[in-house]
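As structure tokens, the structure follows; a few thoughts come after it.
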There are 2 protein chains.
Amino acid sequence: MARPQSRTAEARRSRHPDGRRRASHSMESVLTEAVALLDEAGAQALTFRALAQRLGGGVASIYWYVASKEELLDRATDHVIGTVLADIERLPALDDPIDDLRAMALTLFDAIVDRPWLGAYFMRETDVQGNSLRLYEKLGEPTLRLDLTARQRFHAVSAVVGVVVGSAVDLGQEPPQEVLDGAVNREDFLHRYAQAWRELDPAEFPFVHEIVDEFDGHDDVDQFRSALELTLTGLRLQAGTGTGA
Amino acid sequence: MARPQSRTAEARRSRHPDGRRRASHSMESVLTEAVALLDEAGAQALTFRALAQRLGGGVASIYWYVASKEELLDRATDHVIGTVLADIERLPALDDPIDDLRAMALTLFDAIVDRPWLGAYFMRETDVQGNSLRLYEKLGEPTLRLDLTARQRFHAVSAVVGVVVGSAVDLGQEPPQEVLDGAVNREDFLHRYAQAWRELDPAEFPFVHEIVDEFDGHDDVDQFRSALELTLTGLRLQAGTGTGA
DNA sequence: ACCTGAACACCGTTCAAGT
DNA sequence: ACCTGAACACCGTTCAAGT
């Protein structure tokens, strides 16, 4: 269970008498390169072979740092959640706890917009040691200043996390290959869907027709903010607090 | 693109002069068995080889029905969304559109509780032909009776779907092996986490301490209902409707 | 029209051996 | 303590061939 935590060196190579080279890694470099792979090409690109190549070594050496791919993903996720946590801790404290909650949720959502693969993995493990638990704590603290029962606080934070995850999963969907290739941009892609929807029978799909213009070219952040606002409004009402600060 | 849709037969075998047997499938049986595999052992158990074995044939024959594993998953998902859709259409119409929305969301959530793997896949493709789009339409129709703008309606349905997905993803997390094995039940599992949390420094983790008793032994459905209620309350306020019917 | 066996390229994981 | 090459079992997918 004991694993190295504090090697700061980047991947490097050491010469040996016989002229052969041996790669040398560190937990840091393994996770950094894993995240880079994830960022560049998504979850399916994170392969032990691809990672080993980036690190300039053999596949098997990665197993000295992690016991399985699952652990690799958990650690990589925890690694970036650490930076999100730092961003959240840097947020200025506001008078209204609900404003704090909103700012934190937005910070988290922004991180997932930058790294869509995060949506699928974060909150997978609320390990006792992990940054996820610390993040959960931070998200919960504002609710301590609201007039709620412990159960309501528990549910409130679950709800906020749920809104983030629910919107994030949407982002995490691999866009179709043509969008990744750059052959078609997101806007055109949405537009093509919208066009297909417009051709549906209006009597059978009244709602789809009602919102098709909104769907066409919509912004994911707007969508998230609206969903978050509904939850926060509900929460404010539950806490019996006025609308002002 | 044209694929068989209407073979009703179960998997069966036909004798041939030379005494060898040839398996015979149908789109129906392929999807039914795929869903059975998913239900019995989760997403990772759905393998072309496992599916072929269940169907009593070779791996390659599945490719006559679907072009890829992705298509298999999409079709399997659409298949069960069809049953959810039927459940939702069977729901009695209520006076209050928000009550309708709640009932629909709960029906959807219940389906995911029964089939945790659904959480990860549904709403992956809102194909023009698919049941997902029909489901989306149904979820949206109550909002047409609320005093909202088209954009607010679009966002409202996204929010409700988000709440479902957000809670569902939580359910979809593979429980640790020991829980699946039945060696440890869910309650004990939660309890162990709770115990670890109780040992954290209360000054550093005040929120975690506040809610640990609620977390310990909590019910996922309660959690979902609360999250949904916050969103619906926000929506009701937005629509300017009173609390009554 | 539909099914089959065998092959291919790729994956996570293990291990005995090296340094 | 840490890295390596080679092997293993398994996966999705293809294809030429059968019926």
Side-chain angles (χ1 to χ4, degrees), chain A residues 1-30 33-34 37 41-76 177, chain B residues 1-30 33-34 37 41-76 177:
Chain A
M1 281 293 152
R3 293 189 178 282
Q5 298 285 2
S6 53
R7 297 278 305 276
T8 54
E10 292 298 300
R12 67 231 128 106
R13 310 185 142 277
S14 51
R15 287 211 165 275
H16 281 81
D18 66 344
R20 301 224 343 276
R21 286 151 171 274
R22 235 169 93 103
S24 169
H25 313 319
S26 68
M27 188 81 246
E28 253 298 299
S29 62
V30 168
E33 295 304 320
L37 227 27
Q44 63 162 9
L46 180 54
T47 276
F48 275 80
R49 281 161 176 89
L51 181 54
Q53 202 182 342
R54 264 187 107 100
L55 291 165
V59 237
S61 51
I62 300 167
Y63 282 90
W64 196 85
Y65 297 93
V66 295
S68 66
K69 182 161 190 186
E70 204 187 314
E71 190 185 323
L72 176 62
L73 270 168
D74 282 349
R75 283 186 187 263
Q177 200 54 45
Chain B
M1 280 295 153
R3 292 189 179 283
Q5 299 285 1
S6 53
R7 297 280 303 277
T8 54
E10 290 299 300
R12 65 233 131 103
R13 312 187 138 274
S14 50
R15 286 209 168 276
H16 282 81
D18 65 344
R20 299 220 352 273
R21 286 151 172 276
R22 236 168 92 104
S24 168
H25 314 318
S26 67
M27 187 82 246
E28 252 300 299
S29 62
V30 168
E33 294 305 320
L37 227 27
Q44 63 163 10
L46 179 56
T47 275
F48 275 81
R49 280 162 176 88
L51 181 54
Q53 202 182 343
R54 264 188 109 99
L55 291 165
V59 238
S61 50
I62 301 167
Y63 282 90
W64 196 86
Y65 297 92
V66 294
S68 66
K69 183 160 189 186
E70 205 188 313
E71 189 184 324
L72 176 63
L73 270 168
D74 282 348
R75 282 186 187 265
Q177 200 53 47

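Note: B:H25 and B:Y65 have tilted aromatic rings, judged against thresholds of 30 and 60 degrees for the angle between ring planes.
Atom CD of A:E33 is separated from atom CD of A:E28 by 10.5 Å, given to the nearest 0.5 angstrom. The distance from the OG atom of B:S26 to the CG atom of B:L55 is 8.5 Å, given to the nearest 0.5 Å.
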> In dot-bracket, 5' to 3', how would DNA chain C read with Watson-Crick or G-U wobble pairs under 3.5 Å, [ ] for crossing ones and | for pairs to another strand?
Replying inline: ||.|||||...|||||.||
Contact list (N/O, under 3.5 angstrom) for nucleotides 10-14 of chain C vs protein:
from: C:dG12; atom 1: OP1; to: A:K69; atom 2: NZ; distance (Å): 2.8
from: C:dG12; atom 1: OP2; to: A:F48; atom 2: N; distance (Å): 3.1
from: C:dG12; atom 1: N7; to: A:R49; atom 2: NH1; distance (Å): 2.6
from: C:dG12; atom 1: O6; to: A:R49; atom 2: NH2; distance (Å): 2.8
from: C:dT13; atom 1: OP2; to: A:Y63; atom 2: OH; distance (Å): 3.0
from: C:dT13; atom 1: OP2; to: A:K69; atom 2: N; distance (Å): 2.8
from: C:dT13; atom 1: O5'; to: A:Y63; atom 2: OH; distance (Å): 3.2

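With sequence neighbours excluded, the residues satisfying side chain to side chain contact (heavy atoms under 4.5 Å, CB included) with B:A50 are B:L37, B:T47.
In this model, the phosphate group of D:dC2 is not approached by any side-chain N or O of A:S61 to a distance below 4.0 Å at OP1 or OP2.
The shortest side-chain heavy-atom distance between A:V59 and A:Q53 does not fall under the 4.5 Å cut-off.
Considering every non-hydrogen atom in both B:I62 and B:F48, the closest pair reads CD1-O, 3.4 Å.
The distance from atom CG of B:L55 to atom C1' of C:dT4 is 14 Å, rounded to the nearest whole Å. Remark: P of D:dC3 and CH2 of A:W64 are 8 Å apart, rounded to the nearest angstrom.
Here the side chain of B:E71 pairs a donor or acceptor atom with the backbone of B:A67 at under 3.5 angstrom.
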>> For B:V30 and B:L72: C-alpha separation, side-chain torsions, deciding distance, then whether side-chain contact (heavy atoms from CB on, under 4.5 Å) applies.
In response: CA-CA 9 Å; B:V30 168; B:L72 176 63; 4.1 Å; yes
